Amino acid sequence: MPTSSPSPSLPHPRLSIATDPFFSTSTNPGTPTASASLRLVGTYPEHIQEYAVIEDLLFVLMGIDGTFVKLLYPNTFHEEEEDSIKDSFSRSQRDNLWDEIRYSIDPTLDPSLRHLVEKILPLATYYVSVNAFANQYARFEYGTINHALCSGLQVFLKEYLTFIAQLEHQFQTSPKFTLQRFWFYAQETIEDMGVLHGLAMKIRNLSKEDDDVHMEEDLEVVLENIVGESKTDEIQIPEWRKGGAILNILADRLVGMSGHPKCKKIYSFLLSCASVPYSQILNMWIYRGEINDNYNEFMIVEKKNVKKETLKEDFNDSYWETRYSIREGQVPGYLEPLMTQILLAGKYLNVVRECGVNIVKPEDMEAVMAEREATDRQDVLMEEDHSIRNSRVHTRNIQRISMEQVHVPTRNDVWAAVNGGNFVKNLDIAYKYANHTLLNLLLREQQLIARLRSLKHYFFLDQSDFLTSFLDLAKDELYKPAKEISLTRLQSLLDLVLRNSSSVAAYDPFKEDVKISMSSHRLVKQLLRVINVAGIESLPADTYTGARNIRSRLSMIGADTLDTAYPLPERSNSLSAMIGSNAREKITGYEALTLDYTVTFPLSLVISRKSLTKYQLLFRHLLFLKHVEESLCGKWMDQKEARWKRRSKIPEIEEWKYRIFSLRTRMLAFVQQFAYYITNEVLEPNWARLENNLTKASTIDQVLQYHSDFLDECLKECMLTNFKLLKIYNKITGYCTYFIKNADQLNDLLILAESQEQVDVFGIPKGGIGAKSALASSLEKSNIAIMKTERAFLSHMGLLIEALNYYSATETVQFLSLVVRIDYNLFYKEQPIQDRRSD
């Protein structure tokens with residue numbers, strides 16, 4: 001953090017006679033004390049006064065009281081020091097008391113000598129302050145960076161004591177050693193110790209500057225303490241008083257005082273000392289993917305409660321983002337341009353290490369990368385000769401992120417102190433090695449693209465011969481309520497189909513990972529529970545000219561029936577909330593059937609539970625369309641029998657049959673065109689785009705992003721993320737299933753009509769004399785029901801087309817191709833508005 005640099009000429013502490021009751025004279029064992037009978041120094045000759053004062057200064061400069069010069073500490077100083085040991089989070093005025101140290105000088109001392117003594121005494125303040133800082137911050141709870149800093153300070157303190165010893169030697173041996181010469185020798189030391197005192201005061205004052213800012217960060221530490229991640233009997237030091245924050249102070253003061261050669265030298269030395277343990281943690285991270293940070297000082301925080309095993313169940317898919325993350329406020333300023341590469345290099349190697357792959361030594365990484373690049377170039381040349389360069393996955397043709405592409409601000413003094421040039425080179429090599437190793441692990445050893453093709457084969461039904469065979473075998477089981485279906489039986493039937501040598505799936509090496517599962521909700525209800533898109537009602541009316549008309553028609557056409565069919569739950573993004581509320585209505589096996597897929601780490605980073613849930617939604621969407629299409633085709637086959645083709649003598653029956661035929665044809669056309677749109681105009685193009693992007697991905701983060709974008713785009717273009725479109729689609733398919741369920745009754749009614757037309761030998765209808773009126777009544781009721789169904793279907797089809805046109809102009813242009821397919825002859829568009837509004 002940027003700080004104001006102190007002036008090289010520091011102000012002297014205030015000096016006064018010990019007459020203030022606020023001060024007390026310290027009594028240290030072994031300290032020479034003045035007795036009551038001791039003469040005042042002013043009673044001696046001037047040269048004796050000078051010798052006496054020099055002897056006292058040698059004591060006082062080491063923090064020991066002299067005879068005529070004594071240190072005066074504030075009365076609250078020792079109390080606050082004891083409190084700070086008990087509670088490191090206490091805040092008081094103690095940090096500023098070091099500048100309040102005063103000195104008691106014999107009032108009878110010669111004024112000229114007193115003036116020189118007052119000029120030398122600040123050195124004692126600086127030493128006492130720096131020595132106390134080094135002793136306090138060297139305690140284990142302050143972390144390794146503070147330990148290293150205190151070790152560097154001890155070097156200066158040792159030189160200081162050596163300087164005092166040299167002065168004492170001069171005083172004992174040289175008769176020419178005077179107070180004036182004492183002052184001459186001490187000037188440079190006063191300047192150096194003043195710089196160290198300013199640094200100590202700046203670090204002490206961190207507790208006051210950042211107390212309120214980091215209160216929220218302390219909450220996480222408290223929570224970790226509660227769950228037992230840290231010992232409760234240990235003193236905890238806030239993160240902003242150790243680690244990267246200390247390095248930031250040293251770096252900022254080094255830059256701020258770079259014009260002062262002496263200060264620059266001191267801060268360069270201290271920064272080089274303090275950065276050693278930080279560099280050790282950093283090297284362990286970028287070379288091994290491990291964090292050895294016992295004091296929470298490192299720029300990257302590890303959340304040990306987030307484990308890779310949760311990827312199989314965690315819908316939020318938070319492992320990759322939250323397992324390792326940047327610790328705010330702990331990133332050294334000179335590493336900020338590189339923090340993304342540092343984070344990724346360690347994350348990549350951590351995944352590689354957890355997969356049991358051996359990681360080469362740091363000194364061998366450069367040679368391994370050179371060998372891999374040579375192999376890659378050779379493979380590229382071979383593929384160019386065979387003209388198949390784009391037919392396989394090439395992680396080596398990718399423009400990887402290198403450290404040369406990252407702009408590092410020129411801070412030569414700081415980088416020289418921490419050996420930054422060598423670190424940038426090593427980080428570049430480590431990042432390239434980690435990135436190449438993990439991509440090679442996923443794309444080649446773990447066969448990520450082959451796995452995704454397998455998912456596409458089963459969940460997107462691109463080769464659905466296995467599904468047709470499975471549905472034929474499990475037909476009787478799937479017509480049961482979902483809760484009564486045996487998953488073991490269904491799984492055995494699926495395994496039988498997948499192992500059939502005549503099936504395409506028999507040659508899939510990953511077929512053993514496909515499992516049968518049953519959902520507790522209908523697809524549309526499940527989507528309505530997790531969707532967070534308000535649809536047309538959330539958009540401003542002036543964004544599209546027909547918005548007001550569409551809203552009014554949404555409220556007029558089938559609004560009541562929509563809400564009655566599926567009452568809207570409260571919107572929630574929580575999957576647990578969705579699963580927790582069990583649906584009371586009974587759903588059949590066809591409505592609940594879905595697939596699951598077994599994925600191991602590290603593939604679960606890409607194919608997580610969240611991704612599998614999206615695959616399942618798309619699969620159930622397609623399966624339902626296939627089921628409705630098959631059912632409508634079955635009714636079409638039933639209605640090709642002779643009784644449906646035979647012309648009736650009753651005109652009402654012919655009109656009734658025509659209405660049934662036309663409604664069935666329109667429903668079948670919609671279902672087929674919609675299924676074709678999903679498979680050929682949504683899934684296939686997006687899959688081709690995904691596969692192409694994966695061949696160009698340079699990092700695992702890009703692989704994750706491409707895969708997530710692929711699934712989100714598919715869900716969006718399949719109308720599964722839009723609240724209004726989903727409700728309209730639900731009503732249209734509901735009319736289709738209603739028609740299918742009542743088709744058998746229509747067939748029975750036609751049989752009754754045929755029997756009424758046939759007569760026996762006596763000319764009496766076979767159905768009986770009174771059956772004609774019952775037939776007419778049943779036929780009229782059936783005709784009215786079909787007319788209502790037809791009108792509702794047409795109205796919702798028109799509403800769907802208008803909504804698709806609206807959203808194609810505001811959100812997804814892909815909807816236009818669906819509009820063209822389901823209304824290629826503008827039949828629904830030309831329907832009268834009054835017909836659309838009737839239900």
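Keep in mind the model is a prediction, meaning the values are calculated, not measured.
Neither side chain, Q705 nor D701, offers a donor N or O lying under 3.5 Å from an acceptor on the other. Checked by atom type, the side-chain pair E717/T812 shows no donor-acceptor distance below 3.5 Å. Side-chain N/O atoms of R689 and N692 include no donor and acceptor closer than 3.5 Å. Under the 3.5 Å distance criterion, with hydrogens and angles disregarded, no donor-acceptor pair is assigned to the side chains of S501 and Y507.
Within the 4.5 Å cutoff, the side chain of F466 has heavy atoms near those of the L494 side chain. Side-chain contact between E684 and T679 is absent, with no heavy atoms from C-beta onward closer than 4.5 Å. When side chains are defined from C-beta on, L794 counts as touching F827, because their heavy atoms get closer than 4.5 Å. Contact of the I822 side chain with the M797 side chain is registered, since non-hydrogen atoms from C-beta on lie closer than 4.5 Å. Side-chain contact between K731 and F793 is absent, with no heavy atoms from C-beta onward closer than 4.5 Å.
Looking at every heavy atom in both residues, L595 comes nearest to Q616 through O-NE2, 2.8 Å.
In this structure, T737 contributes its side chain and T733 its backbone to a donor-acceptor pair below 3.5 Å. Of the possible polar contacts, none joining the R499 side chain to the A506 backbone as a donor-acceptor pair under 3.5 Å is found. Side chain of T810 to main chain of Y806: a donor-acceptor pair is present (N/O by atom type, distance under 3.5 Å, no hydrogens or angles). For the pair D823 (side chain) and V819 (backbone), a donor-acceptor distance under 3.5 Å is absent. Proximity of a side-chain donor or acceptor of E591 to a complementary backbone N or O of T588 within less than 3.5 Å is detected.
Ring geometry for F674 versus Y729: interplanar angle of 30 to 60°, hence tilted. Between Y590 and H627, the angle of the ring planes stays under 30°, which puts this pair in the parallel group of the 30/60° scheme.
By the ring pair (Phe, Tyr, Trp, His ring centres under 6.0 Å) test, Y615 pairs with F459, F460, H707, sequence neighbours left out.
Taking a cutoff of 4.0 Å between a charged side-chain nitrogen and a carboxylate oxygen, D712 and K614 qualify as a salt bridge.
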